[in-house]
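Predicted, not measured: the structure shown is a model, and the values here were computed from it. Heavy atoms only: backbone and side chains are in, while hydrogens, waters and symmetry mates are out.
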Amino acid sequence: MTSQFLLGIDTGGTYTDVVIFSPAEGVKARAKALTTRHDLAEGIRGAVDRVLADTGVDIASIRLASLSTTLATNALVEGQGGRVGLIMIGFGPEDLERDGLKAALGTDPVLFLPGGHNVHGHETPLDMSALEEAIETLGSSVTAFAVAGYFAVRNPAHEICVRDFLRDHTHLPVTCSHELSSKLGGPRRALTTLLNARLVSMIDRLIGSSEDFLKARGVEAPLMVVRGDGALISAAEARLRPIETILSGPAASLVGARFLTGLDDAVVSDIGGTTTDVAILDKGKPRLDGDGAVVGGYRTMVQAVAMRTYGLGGDSEVHVSTRGLEGALTLGPRRIVPLSLAAHLHGPEIKEMLDRQLKATHAGRHDGRFALRSGLPDRFASGLSAADAGLYERITEKPQALNDLLLSSMQRASLDRLVSRGLVHISGVTPSDAMHVLGRQGQWDADAARLGLELGARARTGAGKPIAETAEAFAELIADRMTRQSSDVILAAALSEDGVDGVDPTQSSAVDRALKRKPGVVRFAVSLDRPLIGLGASAHVYYPDIAEMLSAESVIPADAGVANAIGAVAGEISQTVQVTVTAPEEGVFMVSGGGETERRTNEAATLDYARDRARAAAIQAAIDSGADEPVVRMIEEIDRPEIEGSPKLVEARFIATASGRPKIT
């Protein structure tokens, strides 16, 4: 029998990872390429081409491809996306003030139509005359539409009517709120629908170009996309509901961690160049954010992993404080280019500049720090002030010493603005450089790292002494600081998951004594109740010490560096359908969700019908998404309080979740 292989793709903030994976043999080949933010498909092409060239796998034997991406998250955080027309049915202008809807809408147009339904699905007549009058102007000024109706989860008829009208007259993408969530809460559902519509064209381009590229390479396998809760959805679904791909990357890392370790309960910490992401595995599943994912400051109705992200990674900026008798270090939250990487990419000139700074009679204000262009096209520099544009013109694509580049203190502010726009990178000492000096990493230029740390070690404390005597001693200080800061953020995330409020590990003397093992009459101790899984290319460098500080078992899988890409193909397809039964009057029962709203008269038969309808709809949705023999899990919530001495049905909810592995032919 011919071996079957899976292609996993993860687009991270710095690198795009690709693996060819066999369920029987594990990872067959892996590759990395720099993530191309202006066109993510370009980075995917580079990594896929490399992994295909490095393996003898027959392309025809690749039966499934799966993608996890940060594109949706990044776009919402950065305020990007298409212009959307929001159609509100049965709502008023005052509803824009709730759940951040007005801020999210910005200058995009909104139209209010009479209509909607009540909690039992009974309608207020829909009046579309305002839409008919505005459709020509509206259709030419937006890229997509979002439609939100009052109690549309009870009866979506008005949303469907408006959707069909918009599609017929504009041929633009239309998202309805009932398609995204079955939860009550109209304004937040409208917000989620608006954000989804804003992402449609962007995700459509990414998936379309990825599918075209894979097909051109001879990969005929279907393409799946990781959802924010770690489940897989078809590329077609992701195009319709791109909002569900927010937090896709972190979710994939949890699925990968579970697959690689077999652990059901663990704290998972994924360290990259820029951030550390911390989440909890509980009974084999990632803990989810019960209130909906927060992205870009907006609380959505999208189910996603409860992930906490901190600005701490291997490329974090090292800050040296010379206050106090001993001085102190802090790391992050900004990412800079490690000196070892800058020298690796740009040649020996950076080492020559570092050497001159070391031999100079007097220390420079910005010793060991350089600036270089990020490589973005010039169009991204539009709108700069005269001062910022003047400095930008002087910066090249080769590292330049800040001592020579910055001629006034005002230019430092200009430089920070250029960095925040993504136009310029700063290069300097990072934990990655410290690891090169200590011999724990070696992929880049260790000599440049050593020169940078020798410069950094000369910083004087309040007692007038160097902060470290040697480059190695300075590297140990940085490594210790990484261990402590990482322990703090992991502990903060774990305490928050336990519902412990008001305890900041960085401010607690008790936690400080426990982590330092400081002796005293009272002994303090702190530990995790489950293993710590370390993920990321540099996990083996940092996490053994971090786990020891937290008195936890350290688990670092062999393929920790590509766990996200493995998670992209190791997940299951999962679809959830909720069917609700309400009793608007004695002896009458309304069934909504999983199909058209229906009116029935027998309570027991209605509940049986609703249960079967939820189960059947979930199974069909999972099969339509590509699941093979899905298994159903059912949750029943029945509100039947006692009224005047006898129980009365108020509402019943049947929540069916059908899950299964993707069907591989």
Within the side chain of N196, is there an N or O that forms a donor-acceptor pair under 3.5 Å with the backbone of I243?
yes

Whether the side chain of T192 engages the backbone of R188 through a donor-acceptor N/O pair (distance < 3.5 Å, no angle test) should be reported.
yes

Less than 4.5 Å apart, any side-chain heavy atom of S68 and any of T11?
no

Under 4.0 Å between a Lys/Arg side-chain N and an Asp/Glu carboxylate O for R227 and E237?
no

Smallest separation among heavy atoms of S210 and L223, with atom names:
CB-CD2, 4.2 Å

Is any side-chain heavy atom of L495 less than 4.5 Å from a side-chain heavy atom of P505?
yes

Whether the side chain of S574 engages the backbone of A231 through a donor-acceptor N/O pair (distance < 3.5 Å, no angle test) should be reported.
no

Using only atom types and a distance under 3.5 Å, with no angle test, would you say the side chain of T275 pairs donor to acceptor with the backbone of D277?
no

Min side-chain heavy-atom separation R530-D265 under 4.5 Å
yes

Side chain proximity check, F165 to I87, heavy atoms < 4.5 angstrom
no

Can you confirm whether E596 is buried at CD, in the sense that more than 12 heavy atoms of other residues, nucleotides or ligands lie under 6.0 Å from that atom?
no

Closest heavy-atom pair, L105 versus R198, reported as atoms and distance to 0.1 Å, is O-NH2, 3.7 Å

Spacing of CE belonging to M590 relative to CG belonging to N118, to within rounding of 0.5 Å
8.5 Å

Set of salt bridge (charged side-chain N to carboxylate O under 4.0 Å, His left out) partners for R154, sequence neighbours left out:
E651

Please collect all ring pair (Phe, Tyr, Trp, His ring centres under 6.0 Å) contacts where either partner lies in residues 609-661, sequence neighbours excluded, each pair once.
none

Does the separation of the ring centres of H158 and H117 fall below 6.0 angstrom?
yes

Show the numbers, then the answer: is there a salt bridge (charged side-chain N to carboxylate O under 4.0 Å, His left out) between R661 and E572?
CA-CA 5 Å; R661 285 288 299 154; E572 289 186 330; over 6 Å; no

So, do V162 and L131 sit near enough that their side-chain heavy atoms are less than 4.5 Å apart?
yes

Quick one: pull up CG in L312 and OG in S269 and give me the separation to the nearest 0.5 Å.
8.5 Å

With a cut-off of 6.0 Å (strictly less than), are more than 12 heavy atoms of other residues, nucleotides or ligands near CZ of R633?
no

Donor-acceptor pair, side chain of T245 and main chain of S248, under 3.5 angstrom:
no

Which is it for R600 and E598 under the salt bridge (charged side-chain N to carboxylate O under 4.0 Å, His left out) test, yes or no, and what are the steps along the way?
CA-CA 7 Å; R600 302 176 76 90; E598 294 186 30; 3.5 Å; yes

NZ/NE/NH1/NH2 to OD/OE distance under 4.0 Å, D204 and R239:
yes

S66 side chain to A568 backbone, donor-acceptor under 3.5 Å:
yes

Kindly give the heavy-atom pair with the smallest separation between E159 and A152, and that separation in Å.
OE2-CB, 3.2 Å

Using side-chain contact (heavy atoms from CB on, under 4.5 Å), reason through L166 and L172 one step at a time and then give a plain yes or no.
CA-CA 7 Å; L166 291 170; L172 291 173; over 6 Å; no

CD of E629: more than 12 outside heavy atoms within 6.0 angstrom?
no

Counting C-beta onward and ignoring hydrogens, is there a side-chain heavy-atom pair between V631 and S659 closer than 4.5 Å?
no

Count the heavy atoms belonging to other residues, nucleotides or ligands that lie under 6.0 Å from CZ of F91, then report whether that count exceeds 12.
yes

Nearest 0.5 Å, please: how far is CG in L199 from CG in L194?
9.5 Å

Under-4.0 Å salt bridge between E179 and R189:
no

Non-hydrogen side-chain atoms of L232 and V225 separated by less than 4.5 Å
no

Any side-chain heavy-atom pair from P173 and F145 closer than 4.5 angstrom?
no

Answer yes or no: is there a donor N or O on one side and an acceptor on the other, between the side chain of T261 and the main chain of A257, under 3.5 Å?
yes

Rounded at 0.5 Å granularity, tell me how far CG in L532 sits from OG in S554.
6.0 Å

Donor-acceptor pair, distance only, cut-off 3.5 Å: does the side chain of R613 make one with the backbone of S592?
no

Going through the distances and angles, do K648 and E603 end up as a salt bridge (charged side-chain N to carboxylate O under 4.0 Å, His left out)?
CA-CA 10 Å; K648 300 288 185 181; E603 179 179 327; over 6 Å; no

Taking all heavy atoms of D99 and all of L191, pick out the closest pair and write down the distance.
O-CD2, 3.3 Å

Looking at V500, is its backbone amide N or carbonyl O close enough to the side chain of D498 to form a donor-acceptor pair, meaning the two atoms are under 3.5 Å apart?
no

In Å and rounded to the nearest 0.5 Å, what is the OG1 to CG distance from T69 to N564?
11.5 Å

Could you give me the CA-CA distance, side-chain angles and deciding distance for L550 and S527, then say whether side-chain contact (heavy atoms from CB on, under 4.5 Å) is met?
CA-CA 5 Å; L550 292 171; S527 63; over 6 Å; no

Tell me the closest heavy-atom pair linking T170 and G139, and the distance in Å.
CG2-CA, 4.0 Å

Could you go through the salt bridge (charged side-chain N to carboxylate O under 4.0 Å, His left out) check for R308 and E497 one step at a time?
CA-CA 10 Å; R308 288 166 176 80; E497 281 297 315; 2.7 Å; yes

With distance as the sole criterion, is a donor-acceptor pair present between the side chains of T657 and T576 under 3.5 Å?
yes

Verify, without hydrogens or angle tests, whether S181 (side chain) and K183 (backbone) share a donor-acceptor contact under 3.5 angstrom.
yes

Would L607 and L649 satisfy side-chain contact (heavy atoms from CB on, under 4.5 Å), going step by step from the backbone distance to the final call?
CA-CA 10 Å; L607 295 182; L649 178 69; 4.3 Å; yes

Give me the atom names and distance for the closest heavy-atom approach of L180 to E244.
O-OE2, 4.5 Å

When rounded to the nearest 0.5 Å, the distance separating CZ of R287 from CG of L254 is 12.0 Å

Please lay out, stage by stage, how T580 and V591 fare under the test side-chain contact (heavy atoms from CB on, under 4.5 Å).
CA-CA 6 Å; T580 303; V591 182; over 6 Å; no

